[in-house]
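Written out below as structure tokens is the structure these notes cover.
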Amino acid sequence: MNEHDAKRAQAVLKEFDKESDTMEYTGLMAKVVAFIAIAFSVFQLYTATFGVLDAQLQRGIHLGFGLCLVYLLYPTRKGWSRHKIHPFDLLLAVLGAAAPGYIVYEYQHLVMRAGMVSDVDLAVGLIGIVLVIEAARRVVGLPMVCVVLGFLAYAFAGPYMPGVLAHRGLTLSQLVGHLFYTTEGVFGIPLGVSSTFIFLFILFGAYLESTGLGKFFIDLANSIAGWASGGPAKVAVLSSGLMGTVSGSSVANVVGTGSLTIPMMKKLGYHKNFAGAVEAAASTGGQLMPPVMGAAAFLMAEFVGVPYIDIVKAAVVPALLYFAGVWLGVHFEAKRGKLKGLPREQLPHFFTLLKERGHLALPLIIIVYLLVSGYTPMRAALVAIVLAILCSALRKSTRMQPIEIVRGLEKGAKNVLGVLVACAAAGIIIGVVTKTGVGLKLASGLLTLSGGLLLPTMFFTMITAILLGMGVPTTANYVITSTIAAPALVQMGVPVLAAHMFVFYFGIIADVTPPVALAAYAGSGISGGNALKTGVNASKLAIAAFIIPYIFVMSPVLLMMSGTVPELLLSTVTALGGMVAISSALIGYLAADCRLAERLILVVAGLLMIQPGLVTDVIGLALFVLILAGQLKRRPKAAAMN
């Protein structure tokens with residue numbers, strides 16, 4: 001990638017990923033920010049090694065570092081200088097460190113007061129809550145702020161709410177005491193997970209990127225699929241899936257791999273709207289791909305109350321089906337457009353790559369082994385961070401210099417800020433829900449709206465998650481929907497893990513769902529295509545993500561929660577067959593160009609095969625074979641006419 005392409009990729013990242021749009025300091029200020037970020041990482045590594053502090057102390061220090069860095073790195077207004085800090089932001093950075101620091105300093109007295117809020121407590125708590133909301137505006141976006149303010153308004157307006165939503169209302173002192181001085185608000189489970197598991201996994205990902213693992217994944221994908229029909233598009237799918245094992249950001253994944261794969265796809269003959277869509281759909285799936293997945297997966301483990309490895313295990317088959325669906329989409333598009341791959345002599349050799357850089361993937365393999373062996377996620381991530389540095393040193397060409405190791409600490413601290421702020425803001429929502437009981441009221445309302453039927457309940461839950469996901473990051477989206485919508489599914493007998501995985505999936509897929517599809521917009525920014533058309537194409541390629549959650553709710557065998565190995569294999573194979581039928585229908589090509597009636601029949605066949613049950617599988621397969629046979633019979637005639 002030349003310098004021009006690199007600058008364009010960075011511009012796209014800053015435009016569509018608020019977390020990347022930071023200050024560009026030089027001189028003393030750059031050193032100050034770097035020192036604070038490195039100190040943040042050192043604190044996290046120290047507590048991971050020698051033991052986590054009491055909940056409020058650990059989370060208070062974590063939030064203090066985070067808010068301080070947010071206000072140093074994200075200016076109040078976009079128009080302000082990006083090279084010199086404004087005095088107002090400097091003041092907020094000091095307050096951002098001081099407000100959580102007050103809890104650390106006064107910890108013993110706060111414990112002794114047991115919930116009694118003094119005037120000083122009230123003032124500091126108010127400042128802290130306002131700072132969290134403003135940090136969310138800067139890093140996460142205005143939609144998240146609107147959701148938080150809506151819940152806060154509900155906390156005060158309870159007596160004036162109609163019907164079932166009414167409650168007695170809270171005083172300012174009660175609300176601040178609950179949200180800022182307990183572990184059920186700002187310092188609740190989301191921030192607790194951020195201050196332990198999530199930080200270490202993000203730091204692990206930062207070190208893996210520093211070792212050159214991303215470039216290795218792209219080269220590896222080229223060696224495997226670059227020569228096939230539509231080679232660069234399949235490389236995009238494969239490399240994005242591999243990158244998804246360590247990266248939980250859809251937009252960052254689009255820019256990181258798309259800046260290389262999208263120009264290759266356009267050169268081969270893919271339309272720019274489709275090229276951007278391929279990368280967007282594939283990169284969005286990165287949050288579904290174990291072992292790291294998105295940050296929300298760690299929250300899911302806490303909310304559901306299962307080991308993180310159970311979340312990883314449950315995610316494997318659906319993630320593979322998702323990427324299979326995207327792969328099939330690009331394959332049929334390549335066949336329809338007669339798009340060839342790259343000459344083999346221009347591609348890297350698979351075994352040469354493994355020999356020269358295969359050691360970079362060892363930490364990923366080992367972290368999976370550690371999780372399976374019973375290590376806690378925090379301990380597994382800590383070991384993996386050390387291994388990432390050591391493994392890079394096995395060859396001179398990949399060895400990290402001491403300054404790069406230090407910069408990795410800085411990069412990891414900066415990368416966590418978006419998740420940290422989202423978790424703190426989501427804690428405010430959870431605090432209001434636990435104090436007012438609105439979660440159960442909304443869940444009951446959802447059940448009433450759906451008439452107590454499972455499919456309508458799932459549909460309304462899906463719409464809620466997608467709408468929230470259009471303006472709220474996955475972490476916060478999951479917190480909201482798991483608090484409000486998932487309980488409705490659980491009340492209808494859906495297993496808890498399946499219900500939570502359902503809302504998790506639809507929160508993620510919002511990144512490629514128009515009209516606000518940030519991953520697709522980032523892809524169009526690199527390809528030069530139309531953002532809306534790119535989003536529509538990405539939604540078609542990501543069709544598996546709209547279907548699979550319904551299937552694993554009705555048949556949890558895909559989540560490896562029940563059933564035998566043969567049942568799992570049968571469900572997986574028939575679901576894969578269904579994806580072939582649906583992908584070909586959406587693209588308009590199977591063995592030949594599809595007629596309208598054929599496309600409709602293929603959609604029906606695909607849904608029948610995906611739907612668990614022997615009868616539906618047989619009927620779906622029969623319809624699919626019927627269409628395939630007809631197209632194979634028609635193809636020689638079409639070839640002769642050409």
- Check: S223 side chain, L220 main-chain N or O, donor-acceptor pair, under 3.5 Å: yes
- Query: What distance do K272 atom NZ and I262 atom CD1 have between them, rounded to the nearest 0.5 Å?
  - Reply: 12.5 Å
- Relative to each other, are the rings of Y181 and Y102 parallel, tilted or perpendicular (30° and 60° limits)? perpendicular
- Item | Student check: side-chain heavy atoms of D89 and M23 closer than 4.5 Å | no
- Message: If we ignore hydrogens and angles and just use 3.5 Å, is the side chain of T196 paired with the main-chain N or O of G192 as donor and acceptor?
- Response: yes
- Task: Would you check if F274 and S527 make a side-chain contact, meaning some heavy-atom pair closer than 4.5 Å?
- Result: no
- Task: Let me know which of Y74, Y71, W80 forms a ring pair (Phe, Tyr, Trp, His ring centres under 6.0 Å) with H86.
- Result: W80
- Query: Considering only heavy atoms from C-beta outward, does the side chain of D511 approach that of Q287 to under 4.5 Å?
  - Reply: yes
- Item | Ring geometry between F40 and F65 (parallel below 30°, tilted from 30 to 60°, perpendicular above 60°) | parallel
- Task: Please list, chain by chain and in numerical order, all residues satisfying salt bridge (charged side-chain N to carboxylate O under 4.0 Å, His left out) with K414, sequence neighbours excluded.
- Result: E410
- Check ring-ring contact (aromatic ring centres under 6.0 Å, His included) between Y46 and all other residues, then give those that pass, not counting sequence neighbours. F50
- Item | Sub-4.5 Å side-chain heavy-atom contact between Y270 and V278 | no
- Item | Any donor-acceptor N or O pair under 3.5 Å, side chains Q58, T47 | yes
- Message: Could you measure the distance from the OG1 atom of T211 to the CZ atom of R399? Nearest 0.5 Å is fine.
- Response: 13.5 Å
- Item | Donor-acceptor contact present, side-chain N273 to main-chain G529, <3.5 Å | no
- Message: Evaluate V386 against Y207 for side-chain contact (heavy atoms from CB on, under 4.5 Å), listing each step before the verdict.
- Response: CA-CA 9 Å; V386 176; Y207 273 120; over 6 Å; no
- Do any N or O atoms from the side chain of S239 and from the backbone of I218 form a donor-acceptor pair under 3.5 angstrom? no
- Query: Would you say the ring centroid of Y308 lies under 6.0 angstrom from that of F197?
  - Reply: no
- Derivation and outcome, side-chain contact (heavy atoms from CB on, under 4.5 Å), residues L299 and F504: CA-CA 10 Å; L299 292 174; F504 174 64; over 6 Å; no
- Item | Closest non-hydrogen atom pair between G408 and A206, with its separation | O-CB, 4.3 Å
- Hey, mind stepping through I385 and L45 against side-chain contact (heavy atoms from CB on, under 4.5 Å) and telling me if it holds? CA-CA 10 Å; I385 289 168; L45 290 171; 4.2 Å; yes
- Message: I'd like to know if the side chain of N530 reaches the main chain of L532, judged simply by a donor and an acceptor atom lying under 3.5 Å from each other, with no hydrogens or angles considered.
- Response: yes
- Contact check, side chains of V70 and V421, non-hydrogen atoms, under 4.5 Å: yes
- Item | For L90, side chain to side chain contact (heavy atoms under 4.5 Å, CB included) partners two or more places apart | L72, I85
- Message: So, using side chain to side chain contact (heavy atoms under 4.5 Å, CB included) as the criterion, who are the partners of E404 when residues are at least two apart?
- Response: M400, Q401
- Note on the structure: Correct closest heavy-atom pair for G258 and P263 would be O-CD, 3.4 Å
- How would you list, by chain and number, every residue that makes a salt bridge (charged side-chain N to carboxylate O under 4.0 Å, His left out) with E134, sequence neighbours excluded? R137, R138
- Query: Shortest non-hydrogen contact from A381 to L200?
  - Reply: CB-CB, 3.7 Å
- Are M264 and N222 close enough that some pair of their side-chain heavy atoms sits under 4.5 Å apart? yes
- Query: Residues two or more places apart in sequence or in another chain: which of them pass salt bridge (charged side-chain N to carboxylate O under 4.0 Å, His left out) with K215?
  - Reply: D219
- Task: Over all heavy atoms of both residues, which pair between S194 and I198 is shortest? Give the atoms and the distance, please.
- Result: CA-CB, 3.8 Å
- Note on the structure: Of all heavy-atom pairs linking L63 and L420, the shortest is CD1-CD2, 3.9 Å
- Query: Nearest heavy-atom pair of R59 and G188: which atoms, and what distance?
  - Reply: NH1-O, 3.3 Å
- Yes or no on side-chain contact (heavy atoms from CB on, under 4.5 Å) for I526 and E279, after CA distance, side-chain angles and deciding distance? CA-CA 10 Å; I526 295 174; E279 187 58 55; over 6 Å; no
- Value for CG (L208) from CZ (F216), rounded to nearest 0.5 Å, stands at 12.0 Å
